[in-house]
Amino acid sequence: MRAFTIRSIDLHTVLLPYLTPFETSFGAETDKVAVLVELTTDAGAVGWGECSIELWPGYGHETAETAVHMLKEFMAPAAVGASVSDPRAFPALIKRFRGNQHTRAGLEAAVWDAFARTNAMRLTDCFAHYAPAGHESEGRATVGVSIGIQPSLEATVEAARARLQQGYGRIKLKIKRGWDLEVARAVRAEFPDILLMLDANSDYEPADAERLTELDQFDLLMIEQPLSYDDIYQHGQLQKRLKTRICLDESVKSASDLRIALQVGALGILNLKPARVGGFSESLEIYRICAEHDLPLWIGGMLETGVGRAANIAFAALPAVNLPSDISATDRYFAADISEPPFVLGAGSTLTVPDGCGIGVEVQRDRLEEAKQRWLEKYPYRRAS
Ligand code: OSB
Ligand code: MG
């Protein structure tokens, strides 16, 4: 593998309006905000990464402002001038700055993209190169769609129907306390045979266990993150009472968390979000543990722009990612994405990895400038980055 030296790092804070607002147990979001990392190598190759964040620190602690601060003041200065011969060694360079997983993941993603481009490889093949022996990229990822909390049960059923008609083979419904049994019942009654799952985004308490056991009747693929975002132990207690498999999202922030979760029986499935665990190097370690334990695995999403989504698809194309990932086609999110080509849903509810080197999509400079402008106009008190 060819090495490179990091010459410069530029940051772009962008705002892209969603086609429809996305509501979870912690609120509704109307726009995607992302900090995009543009990394230039000594040879002039450019790698892109996305810090997956949201306008409001609901899912994770980070915001666009904290990401820019951490990158500008600390992480970028530690990275510029460094030589990269193995991307898995990059996290050590910024290890002394703790936390800020989504931010470090964005920077590390730019390193991976630059590395793959330097070696004239698709990023997906680059991931496969560092995966266990025999784990070649399948070149495409099986995906589903995540449906936010809707104004009514009828609207939820219609939203599911529309996505199924588009070809999505797995439906995930966001739930919260007071919006759970009825919504599962309504959608299951209309579509008795589909792959259906729920995501609570940590809205429940251990005392809700009784009510959660009632969800067992709906033949769900899994229930995602019912309890607190920082809990592992209570999920283990809850799993003993539920037939439905628990999938952890928020609670697993590292390979170490996953080992603890396996030890206490807190999960039957893992949602791996590369951003949540601090990047693709940690993701590869988590991937290895899942493969070793036969733990079903899929890749989660944060409604990323094309930059973040392309990298997630590259990872989701690895063979031990064996359940549909939360990565949908471009037209599920935006009228016009920041990059080209768009991702289009293919046969069998799949997204295909593009042929090009690295993440395989190209950032469109005019749309980038527009989206940066939109951020400044909508949030005029923000600094330009
Ligand atoms: O919990 O999986 C989640 C989006 C933002 C924050 C948290 C979550 C989500 C999603 C979106 O479910 C999935 C996607 O990117 O399509
Ligand atoms: Mg989730």
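When a ligand or atom number is given, it counts from 1 through the structure's own listing order. Being a predicted model, the structure only gives us computed values, none of them experimental.
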Problem - Asp199 N/O under 3.5 Å from ligand 1 N/O - result: yes
Practice task
Could you go through the salt bridge (charged side-chain N to carboxylate O under 4.0 Å, His left out) check for Arg288 and Glu285 one step at a time?
Solution key: CA-CA 5 Å; Arg288 199 187 56 71; Glu285 175 62 6; 2.9 Å; yes
Practice task
For residues Pro296 and Leu270, determine if any side-chain heavy atom of one lies less than 4.5 Å from a side-chain heavy atom of the other.
Solution key: no
Practice task
Please confirm if an N, O or S atom belonging to Glu224, backbone or side chain, lies less than 2.8 Å from the Mg ion (ligand 2).
Solution key: yes
Fill in the blank from the handout: closest protein heavy atom to atom 4 (C) of ligand 1 is Phe22 CE2, 3.6 Å
Practice task
Compute the shortest N/O to N/O distance between Tyr333 and ligand 1 and return yes if it is under 3.5 Å, no if not.
Solution key: yes
Problem - N or O contact, Leu303 vs ligand 1, cut-off under 3.5 Å - result: yes
Completion exercise
Looking only at heavy atoms, the pair that brings Phe115 and Asp86 closest together is CE1-N, 4.4 Å
Exercise for the section: Using distance alone, determine whether Ser146 and ligand 1 share an N or O pair under 3.5 Å. Expected result: yes
Problem - salt_bridge(Asp199, Lys174) N-O dist < 4.0 Å - result: yes
Handout entry: Structural part of Gln225 in contact with ligand 1, heavy atom criterion under 4.0 angstrom
Key = neither
Handout entry: Test log, rule ring pair (Phe, Tyr, Trp, His ring centres under 6.0 Å), inputs Trp375 and His12
Key = CA-CA 10 Å; Trp375 166 251; His12 309 274; over 10 Å; no
Exercise for the section: Would you mind checking which non-hydrogen protein atom is closest to atom 8 (C) of ligand 1, with the distance to 0.1 Å? Expected result: Lys273 NZ, 3.3 Å
Practice task
Indicate the ring-plane relationship of Tyr59 and His102, choosing parallel, tilted or perpendicular according to the 30° and 60° boundaries.
Solution key: perpendicular
Problem - Salt-bridge present (Lys95, Glu282; N to O < 4.0 Å) - result: no
Practice task
Report yes or no: does Glu224 have a heavy atom closer than 4.0 Å to ligand 1?
Solution key: yes
Problem - Side chain, backbone, both or neither: Thr24 near ligand 1, heavy atoms under 4.0 Å - result: neither
Handout entry: Pair Arg170-Asp326, salt bridge (charged side-chain N to carboxylate O under 4.0 Å, His left out): steps then yes or no
Key = CA-CA 9 Å; Arg170 187 228 65 193; Asp326 248 356; 2.6 Å; yes
Completion exercise
Under 4.0 Å from one or more heavy atoms of Asp249, ligand 1 contributes atoms 1 (O), 2 (O), 3 (C)
Exercise for the section: Classify the angle between the aromatic ring planes of Phe74 and His69 as parallel (below 30°), tilted (30 to 60°) or perpendicular (above 60°). Expected result: perpendicular
Problem - Where ligand 1 meets Lys174 - atom numbers and elements under 4.0 angstrom, heavy-atom basis - result: 1 (O), 2 (O), 3 (C), 8 (C), 9 (C), 10 (C), 12 (O)
Exercise for the section: Tell me which N, O or S atom of Asp199 sits nearest to the Mg ion (ligand 2). Expected result: OD2
Problem - Protein heavy atom at shortest distance from atom 1 (O) of ligand 1 - result: Asn201 ND2, 2.8 Å
Fill in the blank from the handout: atom 14 (C) of ligand 1 sits nearest the protein heavy atom Asp326 O, 3.4 Å
Practice task
Return the residue, atom name and 0.1 Å-rounded distance of the protein heavy atom closest to atom 5 (C) of ligand 1.
Solution key: Glu54 OE2, 3.4 Å
Completion exercise
Sorted by chain and residue number, the ring-ring contact (aromatic ring centres under 6.0 Å, His included) partners of Tyr130 (sequence neighbours excluded) come out as Trp112
Fill in the blank from the handout: On a heavy-atom basis, the closest approach of Pro132 and Tyr287 is CD-CE2, 3.8 Å
Problem - Donor-acceptor pair, side chain of Gln150 and main chain of Gly148, under 3.5 angstrom - result: yes
Exercise for the section: Check whether any N, O or S atom of Asp249 sits under 2.8 Å from the Mg ion (ligand 2). Expected result: yes
Problem - Heavy-atom gap Arg309 to ligand 1 smaller than 4.0 Å - result: no
Handout entry: Glu304-ligand 1 polar pair, N/O distance under 3.5 Å
Key = no
Exercise for the section: Look at ligand 1 and say whether Lys172 reaches it with a heavy atom at a distance under 4.0 Å. Expected result: yes
Exercise for the section: Kindly confirm or rule out an N or O of Arg332 lying under 3.5 angstrom from an N or O of ligand 1. Expected result: no
Exercise for the section: Using atom types as modelled and distance alone, determine if a side-chain donor or acceptor of Gln239 lies under 3.5 Å from a backbone N or O of Thr244. Expected result: yes
Completion exercise
Residue, atom and distance of the protein heavy atom nearest atom 9 (C) of ligand 1 read Gly301 O, 3.5 Å
